[in-house]
Student: 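Quick one: the structure is below, questions incoming.
So you know, we letter chains A, B, ... as the sequences are listed, proteins then strands, and number each from 1. All values derive from a computational prediction rather than experimental measurement.
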Number of protein chains: 2
Amino acid sequence: MTSPRADSLRIVLADDERMVRTALRAILTAEPDLEVVGEAATGAEAVSVVRDLTPDVVLMDVRMPEIDGIRATEQILATLPDPPRIVVVTTFENDAYVYEALRAGASGFLLKRADADALVQAVRLVAHSDTLLFPSAVRALAAEHARSRPTPPPWVAKLTARERDVLRLMATGLTNAEIAGRIGVGPATVKTHVAAVLAKTGTRDRTQAVIAAYEAGFMKES
Amino acid sequence: MTSPRADSLRIVLADDERMVRTALRAILTAEPDLEVVGEAATGAEAVSVVRDLTPDVVLMDVRMPEIDGIRATEQILATLPDPPRIVVVTTFENDAYVYEALRAGASGFLLKRADADALVQAVRLVAHSDTLLFPSAVRALAAEHARSRPTPPPWVAKLTARERDVLRLMATGLTNAEIAGRIGVGPATVKTHVAAVLAKTGTRDRTQAVIAAYEAGFMKES
DNA sequence: ACGGCCCTCCCCCGTCCGGCGGAGGCGGAT
DNA sequence: ATCCGCCTCCGCCGGACGGGGGAGGGCCGT
């Protein structure tokens, strides 16, 4: 897709912290074959800067004001005919946003505490090739991960402790009577809790509630 | 962990196809800072060769006779005090083994059709750093992927096509009547299929059946 | 031609479930 | 001191569900 100029790699930095941009620029410009051609402090700015400068590689922070790195990545890849390779930069590994960014089409990701050597090699690597270390397999993996994620359910927070207990037991296949025996209350009480769970989850029967629990990843929070 | 010699990176190739080893050796030895110190044609051989030569990087094929690349990776990482970085080499992306290899502790993976430039850069990268492109986040992702796999349920095969349809619809929260309307049969027929599903899955009600479907990863085979 | 499997549908019946409205106690917040 | 949320229970009712048993038709392999 992106064809790097024969002379040097043109890079755009997008990060809301000036210090980070400065540090990245210092590291990258020390290399003769790398050139930082632009910076952006917000996602929106990143989109327009990239559109104007058509760099080879974008180092994109995930957490930025206005438009975050994921949306910016989406917009860049969707609107540009010959989009740059986008490397997502984050402070924490296991950042959930990273997976979404990869899903959005980012070519790689990078921790801010990576040393200078790794940084420049990564930029060169991602610019010259995508058959390696980030083939579509990883993107598919991330996509799958993100697909099972996008249910950061709003209702979980609204459930009371008791209702959570009951839902958890519902999701193991117990009947109301069995749940009652398990948590040491009367069957009528369980019915009340079940009704509350159904109302708060927006489901109409226990089966749908259990499905919602699974889809929301509720069963993994054991 | 691994501390590369200041002079050059010592590499071991493990692949059952001689041609592949030759090709990799040709590419790598063309670089002044890379040195191929050993080869192995089987997983078992790879383990002993690595143990003897203590290289910095191992390029490991996944599919090999006797012991495959995954087990070899496990054994190397488990038995050596200062293990090398292991890069898994595969022909096909989306190779399911790749995820298991990453889970076993491999530092990266590489497609055989990767070009020479990408190959050498990847080797350097993986030898010098792991804060980048394959931090533990990706490994955790691979682990999660592998963890959700090992549920190849025995009963799925025993379900008839119709019963699979019904189970799939059950797991979307539909009632028998709704399922009947959806697949264009009478409610009585659906009841029959549901009963068959319950019997074959060893569950007593639709809720437990849906749980079984989710636990078995049945819902991902859409 | 026959048995076997699958899909289709029927009736009866007992149970479980979910919706309705109501009630008491208890603790924390205002 | 009062209100509000949570937990605990009660009865009533209609509908959905699951078990049991039976039956007809189509397809396939023997």
Student: What residues, two or more places apart in sequence or in another chain, satisfy side-chain hydrogen bond (donor to acceptor under 3.5 Å, both in side chains) together with B/Glu39?
Tutor: B/Arg21, B/Arg25
Student: Do B/Glu178 and B/Val190 have side chains that get closer than 4.5 Å, going by heavy atoms?
Tutor: no
Student: Quick one: side chains of residues 12-20 of chain B, donor-acceptor pairs under 3.5 Å with protein atoms, not counting sequence neighbours, listed by atom name and distance.
Tutor:
| unit_1 | atom_1 | unit_2 | atom_2 | d |
| --- | --- | --- | --- | --- |
| B/Asp15 | OD1 | B/Glu17 | N | 2.8 |
| B/Asp15 | OD2 | B/Lys112 | NZ | 3.4 |

Student: Using chain B heavy atoms and a threshold of under 4.0 Å, write down where along DNA chain C the contacts begin and end, 5' to 3'.
Tutor: C/dC6 to C/dC10
Student: Do the non-hydrogen side-chain atoms of A/Ile11 and A/Val37 ever get within less than 4.5 Å of each other?
Tutor: no
Student: Should we count CZ of A/Arg204 as having more than 12 external heavy atoms under 6.0 Å?
Tutor: yes
Student: Kindly give the heavy-atom pair with the smallest separation between A/Ala122 and B/Leu125, and that separation in Å.
Tutor: N-CD1, 4.4 Å
Student: Do A/Leu80 and A/Arg51 touch side chain to side chain, with heavy atoms closer than 4.5 Å?
Tutor: yes
Student: Donor-acceptor pairs are to be reported for all side-chain atoms of residues 70-77 of chain B against protein atoms at under 3.5 Å, with residues two or more places apart or in another chain.
Tutor:
| unit_1 | atom_1 | unit_2 | atom_2 | d |
| --- | --- | --- | --- | --- |
| B/Thr73 | OG1 | B/Gly69 | O | 2.6 |

Student: For nucleotides 8-21 of chain D, give me one character per nucleotide, 5' to 3': B if any protein heavy atom sits under 4.0 Å from the base, S if the only such contacts are to the sugar-phosphate, - if neither.
Tutor: BBB------SBB--
Student: Just verifying a value: how many Å separate B/Arg162 CZ and B/Asp165 CG, rounded to the nearest 0.5 Å?
Tutor: 5.5 Å
Student: Just so I know, are the side chains of B/Glu163 and B/Val166 near enough to count as touching, which here means a heavy-atom distance under 4.5 Å?
Tutor: no
Student: What are the atom names and distances for every N/O pair under 3.5 Å that joins the protein to nucleotides 24-30 of chain D?
Tutor:
none

